[in-house]
Engineer: 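Handing you this structure, nothing more for now.
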Amino acid sequence: RSGKMAKSTKLIDNEVFQAYATYTAIVLLKMMLMSLITAYFRITRKAFVNPEDTASFGKGDSAKKYLRTDPDVERVRRGHLNDLENIVPFVGIGLLYTLSGPELSSALLHFRIFAGARILHTFAYLIPLPQPGRGLSWAVGYAVTFSMAYRVLKTVLLL
């Protein structure tokens, strides 16, 4: 099975694709959770960027004090942005990797390491944990995506 392109008509039955779908859903849900965490921090810190968001805290000048940035909100936003910069490439390259016919054990290793690294990165960002924890978790996830890209290019290179 290794080295053969997956058949698209039976893709959902392919174990590697099932693993990809599982771990992609996990990291995408984790990324979506960051939006809720941002909203939570905005509400609890009363730090908003849109005037209409301050309406429940007062009118006019009394509400303007809530139009501000907050370091905790910005930390969550940076973590979310980092997810966007890393999970989106994983989704695209991971799909191509899945279609390149890797062994299930190799694919699971890639997907599990990536998901674990992104979850650890989130905790390292939100707690925050001292460096190099966050940097290492980012680098591990990035390396996994590059490893999958290398496999794709090695398998189907048509330059």
Side-chain angles (χ1 to χ4, degrees), residues 1-45 47-49 53 69-159:
R1 246 179 147 175
S2 177
K4 294 181 182 179
M5 293 296 285
K7 293 182 180 178
S8 61
T9 57
K10 293 289 185 178
L11 194 56
I12 199 67
D13 297 329
N14 180 293
E15 288 180 314
V16 173
F17 182 79
Q18 290 171 355
Y20 165 76
T22 299
Y23 287 96
T24 296
I26 289 168
V27 295
L28 287 173
L29 285 169
K30 188 215 80 60
M31 187 170 68
M32 291 171 61
L33 180 62
M34 294 300 286
S35 295
L36 297 175
I37 294 170
T38 301
Y40 169 79
F41 273 80
R42 282 202 183 284
I43 292 166
T44 59
R45 304 310 192 269
F48 303 98
V49 292
D53 297 338
T69 59
D70 177 86
D72 294 332
V73 173
E74 292 307 309
R75 177 171 280 281
V76 176
R77 286 173 31 91
R78 287 190 306 272
H80 192 187
L81 179 59
N82 194 278
D83 275 352
L84 290 167
E85 293 169 348
N86 290 274
I87 292 174
V88 171
F90 168 82
V91 170
I93 291 171
L95 178 59
L96 296 175
Y97 171 77
T98 299
L99 295 173
S100 73
E103 292 289 333
L104 177 61
S105 60
S106 177
L108 281 170
L109 185 65
H110 280 88
F111 302 154
R112 287 173 178 164
I113 290 173
F114 182 84
R118 290 313 305 171
I119 291 167
L120 180 60
H121 183 270
T122 297
F123 283 116
Y125 230 123
L126 296 181
I127 290 175
L129 297 177
Q131 285 287 25
R134 190 180 80 235
L136 286 174
S137 61
W138 169 85
V140 166
Y142 211 73
V144 167
T145 303
F146 265 101
S147 174
M148 291 188 305
Y150 174 78
R151 160 66 190 225
V152 169
L153 291 173
K154 184 178 160 197
T155 304
V156 297
L157 190 63
L158 293 174
L159 295 177

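Heavy-atom basis, side chains included; hydrogens, waters and symmetry copies ignored.
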Engineer: About how many Å separate CZ of F114 and CD1 of I26, when rounded to the nearest 0.5 Å?
Structural biologist: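 Going from the CD1 atom of I26 to the CZ atom of F114 covers 12.0 Å.
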
Engineer: How many angstroms lie between NE2 in H121 and CG in L126, if you round to the nearest 0.5 Å?
Structural biologist: 9.5 Å

Engineer: Can you tell me if OH on Y142 sees more than 12 non-hydrogen neighbours from other groups inside 6.0 Å?
Structural biologist: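 No, OH of Y142 has 12 or fewer neighbouring heavy atoms, counting only those of other groups under 6.0 Å.
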
Engineer: Is it the case that the side chain of R45 and the backbone of T69 share a donor-acceptor pair, with hydrogens and angles ignored and the cut-off at 3.5 Å?
Structural biologist: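 No, R45 side chain to T69 backbone: no donor-acceptor pair under 3.5 Å.
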
Engineer: Quick one: CE on M31 to CG on L81, what's the gap to the nearest 0.5 Å?
Structural biologist: 11.0 Å

Engineer: Please find the pair of heavy atoms, one from L129 and one from F123, that lie closest to each other, and give the distance.
Structural biologist: CG-O, 4.3 Å

Engineer: Using only atom types and a distance under 3.5 Å, with no angle test, would you say the side chain of R118 pairs donor to acceptor with the backbone of I87?
Structural biologist: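 Side chain of R118 to backbone of I87, a donor-acceptor pair under 3.5 Å: no, none is there.
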
Engineer: How are the rings of Y20 and F90 set to each other: parallel, tilted or perpendicular (split at 30° and 60°)?
Structural biologist: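 Tilted, since the angle between the ring planes falls between 30° and 60°.
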
Engineer: Side chains of F17 and L95, heavy atoms from C-beta outward: is any pair under 4.5 Å?
Structural biologist: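 Yes. Closest side-chain heavy atoms under 4.5 Å.
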
Engineer: With a 4.5 Å heavy-atom cut-off, do R78 and N82 have their side chains touching?
Structural biologist: no

Engineer: Does the side chain of T145 reach to within under 4.5 Å of the side chain of N86, using non-hydrogen atoms?
Structural biologist: no

Engineer: When you compare the side chain of F111 with that of V27, does any pair of heavy atoms fall below 4.5 Å?
Structural biologist: no

Engineer: Could you tell me if the side chain of V49 sits less than 4.5 Å from the side chain of R42, heavy atoms only?
Structural biologist: yes

Engineer: About how many Å separate CZ of R151 and CD1 of I93, when rounded to the nearest 0.5 Å?
Structural biologist: 14.5 Å

Engineer: If we only count heavy atoms from C-beta on, is the T38 to F41 side-chain gap below 4.5 Å?
Structural biologist: no

Engineer: Can you name the closest pair of heavy atoms from P102 and V16 and give their distance?
Structural biologist: O-CG2, 3.5 Å

Engineer: Which pair of heavy atoms, one from M34 and one from G79, lies closest together, and at what distance?
Structural biologist: CE-C, 3.9 Å

Engineer: Minimum heavy-atom separation for A124 and G133, please, with both atom names.
Structural biologist: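 Closest heavy-atom pair between A124 and G133: CB-C, 4.4 Å.
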
Engineer: Could you tell me if R134 sits above the aromatic ring of Y125, with its cationic atom closer than 6.0 Å to the ring centre and no more than 45 degrees from the axis?
Structural biologist: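 Yes, a cation-pi geometry.
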
Engineer: Got a sec: does the CZ of R77 have more than 12 other heavy atoms crowding it under 6.0 Å?
Structural biologist: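 No, not enclosed.
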
Engineer: Side chains of D72 and R75: closer than 4.5 Å at any heavy-atom pair?
Structural biologist: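 Not touching, per the 4.5 Å side-chain cut-off.
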
Engineer: Please give me the minimum heavy-atom distance between S106 and Y97, naming the atom from each residue.
Structural biologist: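 Reported closest heavy-atom pair: OG-OH, 3.2 Å.
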
Engineer: If you measure from OG1 on T122 to CG on L33, what distance do you get to the nearest 0.5 Å?
Structural biologist: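 With rounding to 0.5 Å, OG1 (T122) is 8.5 Å from CG (L33).
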
Engineer: Once you round to the nearest 0.5 Å, how far does CD1 of I119 lie from NZ of K30?
Structural biologist: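 Between atom CD1 of I119 and atom NZ of K30 there are 7.5 Å.
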
Engineer: Where the side chain of T22 meets the backbone of Q18, is there a donor-acceptor pair that is under 3.5 Å apart?
Structural biologist: yes

Engineer: Kindly give the heavy-atom pair with the smallest separation between A19 and L108, and that separation in Å.
Structural biologist: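 Taking A19 first and L108 second, the nearest heavy atoms are CB-CD2, 3.6 Å.
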
